[in-house]
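Quick note on labels: first sequence line is chain A, next is B, and so on, each numbered from 1.
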There are 2 protein chains.
Amino acid sequence: MEAGRQRQGRLWSNLKEVCDLLHIYIPTMSSIGDEELLFQHVQFKSGQRIHTIGQPFDTLYIVNSGFLKTLLIDEFGNEQVLSFPMKGDILGVDGIHSKQHASEAVALSDCDLILLPFKKLTALGRTHIEMEHAMYSVMSRELVREQAMVGMLGALSAEARVARFLVSLSDRYSQMGYSSKLFNLRMTRHEIGSYLGLTLETVSRTLSAFNEIGMITVDQRTICIRELDALKTLRRLPPSRSRAKQLAANKLKSAANKAPPPNGESWGQFVTA
Amino acid sequence: MEAGRQRQGRLWSNLKEVCDLLHIYIPTMSSIGDEELLFQHVQFKSGQRIHTIGQPFDTLYIVNSGFLKTLLIDEFGNEQVLSFPMKGDILGVDGIHSKQHASEAVALSDCDLILLPFKKLTALGRTHIEMEHAMYSVMSRELVREQAMVGMLGALSAEARVARFLVSLSDRYSQMGYSSKLFNLRMTRHEIGSYLGLTLETVSRTLSAFNEIGMITVDQRTICIRELDALKTLRRLPPSRSRAKQLAANKLKSAANKAPPPNGESWGQFVTA
DNA sequence: CGTTCACTTGAAAGTGTTCAATTACTGTGG
DNA sequence: CCACAGTAATTGAACACTTTCAAGTGAACG
């Protein structure tokens, strides 16, 4: 919780801290900062809901610390996870259009969020062109992200989805200053499955398979990335006939000469279009 | 091509026409309109590309007439269709963030688009608060749409996806003043499949199945919606064992007493969670 | 210490894909 | 106007991937 200062027994952040979180660089920031605009923080405990579907919208949130999920709920009450926001991510953009939140956000850990009253933001945008453009930019970025998600759901196999999920987590952890190799999942297999359009069993099995291959080590929620490049380029494991052959071959080899069976190289050949 | 007037041998639209297309109502429109801001139209022939991935972004487009597709291209050159924009839809929002288009847009028919230079738009937003809010609103709406798409790809069966696709087309045609029952598909099975995360064969088979059941009539690109409500509520056809039974029963019935086999009612029972 | 929830793993089933063959369109040039 | 080539759509059969169902293990927490 680097950003923020105490005032009235609460944490507040100034505009610069908010922009830094969002990875927005504003050259004339100092002149804006002079006004000492402050944004209030709010804390949520794990499991608490930040907003619900249909709830009136009037403020955006930025994640300062902690982990969350956002979700849609279909007509039968089933959750569809849309994203796993973490530090620097923005929440609530989908509420602008209808002035009601279109999704639900839930804390997966204790969280510290910064409140961005939408009216305050737009007013700011009016006096500072850079801020205005920053807002358009952030919204556009969210859209691009969703499009990438659609592309992934539309085109990739289960294994490729899980692999990309791990890679993106790795990226984000490293951006946040944590290890990109060794980290803990903050969400259940069920939530991952929902996010990726898979069942929790498929997620579990896929992680186990990656583990067996040696691309990762997995134990419950602890993940260790061993072959990042292999994960990045993986599109589809070989069809089961050849995979069966390969597995058999590997078993033979490892049985014969106690050598560690498959490595990143030996799986490169299976990274197919 | 109702909107637009001639000037310098080209079509132009004023702000009111643009807002009407976007379904945005601005109460103080008349005062803005006074300035006689005009936006230029551009025509594209079927097959032409409006913008490519990576191309510098500086203008948004609104579809005034015609049909298009937008798509992503993966590292192997495969298309992933993202949307099928038509009258009133906006194009190019994904380019704002990186100042480069993140997707490609292609005309599926001859099109008439209105150019909205982004700078002109933001300037307008600065002088007219309602316009500014309209822009945020439109971008938020795009995001909500993508989220709905993610939800659909993540949760629905092939049949449900195709059904929803038909329903949404029906909605949009009726909004545009065309028949909501009888229309022509402007895209190939391949493009539909890409959009829905399915193969073209699955799309074709599913349409044939709907046809056989009597929910729609399909002949090549001509679609006639017969049981709109059934399509709307369809989530998943029954598992093949019971479906086989059902089909057999239907065949028996129709063979026995020449009655039209299945109707909307008889399929209601299969609309399951 | 027992209950609960998350996770793993196996076996069977089902949905959707792939491959392949056939038919139907579309547009072009003779 | 027709033939022809090329693209689009349909359909069947075999197969593969993912899910479903089920059982069992493990960790967390009162």
Under 4.0 angstrom between [X] side-chain N/O and [N] OP1 or OP2:
X	N	result
B/Ser208	D/dT10	no
A/Arg189	C/dT8	yes
B/Thr202	C/dT17	yes

[atom1] of [X] versus [atom2] of [N]: gap in Å, rounded?
X	N	atom1	atom2	result
B/Leu185	C/dC25	CG	C1'	15 Å
A/Leu156	D/dT18	CG	C1'	15 Å
A/Glu212	C/dT9	CD	P	8 Å
B/Glu201	D/dA13	CD	P	15 Å
B/Asp219	C/dT23	CG	P	17 Å
B/Leu198	C/dT18	CG	C1'	14 Å
A/Arg161	D/dC17	CZ	P	14 Å
B/Met187	D/dA9	CE	C1'	15 Å

Charged N-O contact under 4.0 Å between B/Asp89 and B/Arg172 =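 Judged by the 4.0 Å cut-off on N to carboxylate O distance, B/Asp89 and B/Arg172 do form a salt bridge.
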message = Quick test of your reading of the model: are B/Glu79 and B/Lys69 salt-bridged, counting only N-O distances below 4.0 Å?
response = yes
key: Nucleotide nearest A/Gln220 (side chain, heavy atoms from C-beta), chosen from C/dC7, D/dT11, D/dT19   =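 Output: C/dC7.
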key: Nearest to side-chain heavy atoms of A/Thr188, which nucleotide of C/dG16, C/dA6, D/dA9   = C/dA6
request  = Report yes if a donor N or O on one partner sits less than 3.5 Å from an acceptor N or O on the other, where the partners are the side chain of A/Glu159 and the base of D/dC17; otherwise report no.
outcome  =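 There is none.
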query = For A/Phe67, does its backbone N or O pair with a side-chain atom of A/Ser109 as donor and acceptor, under 3.5 Å?
reply = yes
ask   = Mapping B/Arg205 and A/Val203 to their closest nucleotides on DNA chain D, which lands nearer the 5' end?
value =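 The answer here is B/Arg205.
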ask   = Is it the case that A/Ser103 and A/Asp94 place a side-chain donor and acceptor less than 3.5 Å from each other?
value = yes
Side-chain touch A/Met187/A/Phe84, heavy atoms, less than 4.5 angstrom = yes
task = Would you classify B/Gly193 as touching base, sugar-phosphate or nothing, given that sugar-phosphate means primed atoms plus P, OP1 and OP2, and contacts are heavy atoms under 4.0 Å?
result = nothing
